[in-house]
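The next block holds one structure in the form of structure tokens; read it before the comments.
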Amino acid sequence: MLKQNINNYTFIILLTFFLFLQLTLIPQLFFDAIHPNLVLTLLIAASFLSRSANVLSAAFFCGSVLDIFSGIYFGPMLISFLLTIFISSYFGCRFLKELFSIRLFLISIATVLFYNSVYFILININNLDKIINNCKAFFSISISEMIYTALLIVPLLLILSFKINIVKTNEK
């Protein structure tokens, strides 16, 4: 089992910063819908380190905020975030014995593919013909997000698991 814990202050600061970037700057820098989902990657990394429900509540908050500003009806991003973080936590507890291993990448990529699948189906739930017609866009978005996640998961885990030890010295 993993014995590491999450650094809450770093997590809150990164989550706020990534949420701000996800809402403002990142959609402007990347064309179409192919852009890194930094908030999801951070939440997946935190779900590997934390065994509490705090990550699920953070996923609920981020999913709600991103859903409000997404421009579509409310719900798909929130549901996708919650299910993805739940699946990531479950797979992390069940299959991840060492933090930095090949299983980390496999679980991360599988959860991003799961997120994209759920989100794509929930967006197009009213028109099922659209799902079949947009499979090419789904695969290109999924592959790019899996690459972004595979590249960012290890640095985020290192940042979140870093503990600052302050040594107090007694002056006489």
Side-chain angles (χ1 to χ4, degrees), residues 6 11-12 14-96 103-153 156-157 160:
I6 190 170
F11 175 69
I12 291 170
L14 278 176
L15 187 64
T16 305
F17 181 67
F18 284 172
L19 191 60
F20 176 74
L21 284 178
Q22 195 78 30
L23 290 173
T24 58
L25 188 64
I26 289 179
Q28 304 301 319
L29 293 177
F30 295 91
F31 59 92
D32 291 334
I34 302 174
H35 55 80
N37 196 339
L38 296 176
V39 175
L40 181 67
T41 306
L42 179 68
L43 289 171
I44 289 172
S47 71
F48 292 142
L49 293 174
S50 179
R51 299 292 180 240
S52 65
N54 293 338
V55 179
L56 277 175
S57 60
F60 180 81
F61 172 73
C62 292
S64 299
V65 170
L66 290 172
D67 226 355
I68 288 170
F69 293 106
S70 69
I72 58 172
Y73 56 91
F74 187 78
M77 196 166 291
L78 173 66
I79 293 170
S80 300
F81 264 57
L82 286 175
L83 287 175
T84 302
I85 299 306
F86 179 74
I87 293 294
S88 173
S89 296
Y90 176 74
F91 284 163
C93 287
R94 185 88 173 149
F95 299 113
L96 195 62
R103 289 182 181 183
L104 172 76
F105 292 108
L106 294 175
I107 293 170
S108 300
I109 288 171
T111 54
V112 168
L113 183 63
F114 178 77
Y115 165 77
N116 284 325
S117 302
V118 170
Y119 185 67
F120 185 70
I121 289 171
L122 287 175
I123 285 178
N124 299 316
I125 197 77
N126 294 338
N127 193 357
L128 293 178
D129 294 334
K130 221 179 202 183
I131 294 174
I132 296 168
N133 293 335
N134 292 329
C135 283
K136 181 180 176 184
F138 167 74
F139 287 120
S140 65
I141 290 170
S142 296
I143 289 171
S144 66
E145 284 191 19
M146 285 188 275
I147 291 170
Y148 290 134
T149 302
L151 291 175
L152 292 174
I153 196 75
L156 285 174
L157 279 171
L160 289 177

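Positions are given from 1, in the same order as the sequence printed here.
Under the side chain to side chain contact (heavy atoms under 4.5 Å, CB included) criterion, Phe17 pairs with Leu21, sequence neighbours left out. Among residues two or more places apart in sequence or in another chain, the side chain to side chain donor-acceptor pair (under 3.5 Å) test is passed with Ser88 by Ser47. Scanning for side chain to side chain contact (heavy atoms under 4.5 Å, CB included) contacts around Asn127 gives Asp129, Lys130, with sequence neighbours left out. By the side chain to side chain contact (heavy atoms under 4.5 Å, CB included) test, Phe120 is found to be paired with Asn124, Ile131, Asn134, Phe138, residues two or more places apart in sequence or in another chain being considered. Tyr115 pairs by the ring pair (Phe, Tyr, Trp, His ring centres under 6.0 Å) definition with Phe81, Tyr119, not counting sequence neighbours.
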Point to revise | side-chain contact (heavy atoms from CB on, under 4.5 Å) evaluation trace for Tyr148 with Thr41 | key: CA-CA 9 Å; Tyr148 290 134; Thr41 306; 5.8 Å; no
**Study point:** Stepwise side-chain contact (heavy atoms from CB on, under 4.5 Å) test for Leu40 and Thr111
**Key:** CA-CA 10 Å; Leu40 181 67; Thr111 54; over 6 Å; no
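For Leu38 against Gln22, the heavy-atom pair with the smallest separation is N-OE1, 3.1 Å. Closest of all the heavy-atom pairs between Val118 and Ser80 is CG1-OG, 3.6 Å. The shortest non-hydrogen separation linking Phe69 to Leu23 is CB-CD2, 3.7 Å. Taking every heavy atom of both residues into account, Leu104 and Leu96 meet most closely at N-CD1, 3.7 Å. The heavy-atom pair separating Ala59 from Ile85 by the smallest distance is CB-CG1, 3.7 Å. The nearest pair of heavy atoms linking Leu14 to Leu42 is C-CD2, 3.7 Å.
You'll find the side chain of Phe61 reaches within 4.5 Å of the side chain of Leu19, heavy atoms only. With a 4.5 Å cut-off on side-chain heavy atoms, Met146 and Leu113 count as touching. Between Leu49 and Phe11 the shortest side-chain heavy-atom distance does not fall below 4.5 Å.
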Side chains of residues 71-79: which donor-acceptor pairs under 3.5 Å do they make with residues two or more places apart or in other chains?
unit_1: Tyr73; atom_1: OH; unit_2: Leu122; atom_2: O; d: 2.2
unit_1: Tyr73; atom_1: OH; unit_2: Ile123; atom_2: O; d: 3.4

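The CG atom of Asn116 lies 11.0 Å from the CD1 atom of Ile121; values are rounded to the nearest 0.5 Å. Atom-to-atom distance recorded for Ile107:CD1 and Thr149:OG1 is 13.5 Å, nearest 0.5 angstrom. With rounding to the nearest 0.5 Å, the separation of CZ in Phe91 from CZ in Phe48 is 10.0 Å. The line from CD of Glu145 to OG of Ser140 is 10.0 Å long, rounded to the nearest 0.5 Å.
Remark: the backbone N or O of Phe139 is not paired with any side-chain donor or acceptor of Ser142 at under 3.5 angstrom.
Counting heavy atoms of neighbouring residues, nucleotides and ligands inside a 6.0 Å radius, atom CZ of Phe60 does not exceed 12 of them.
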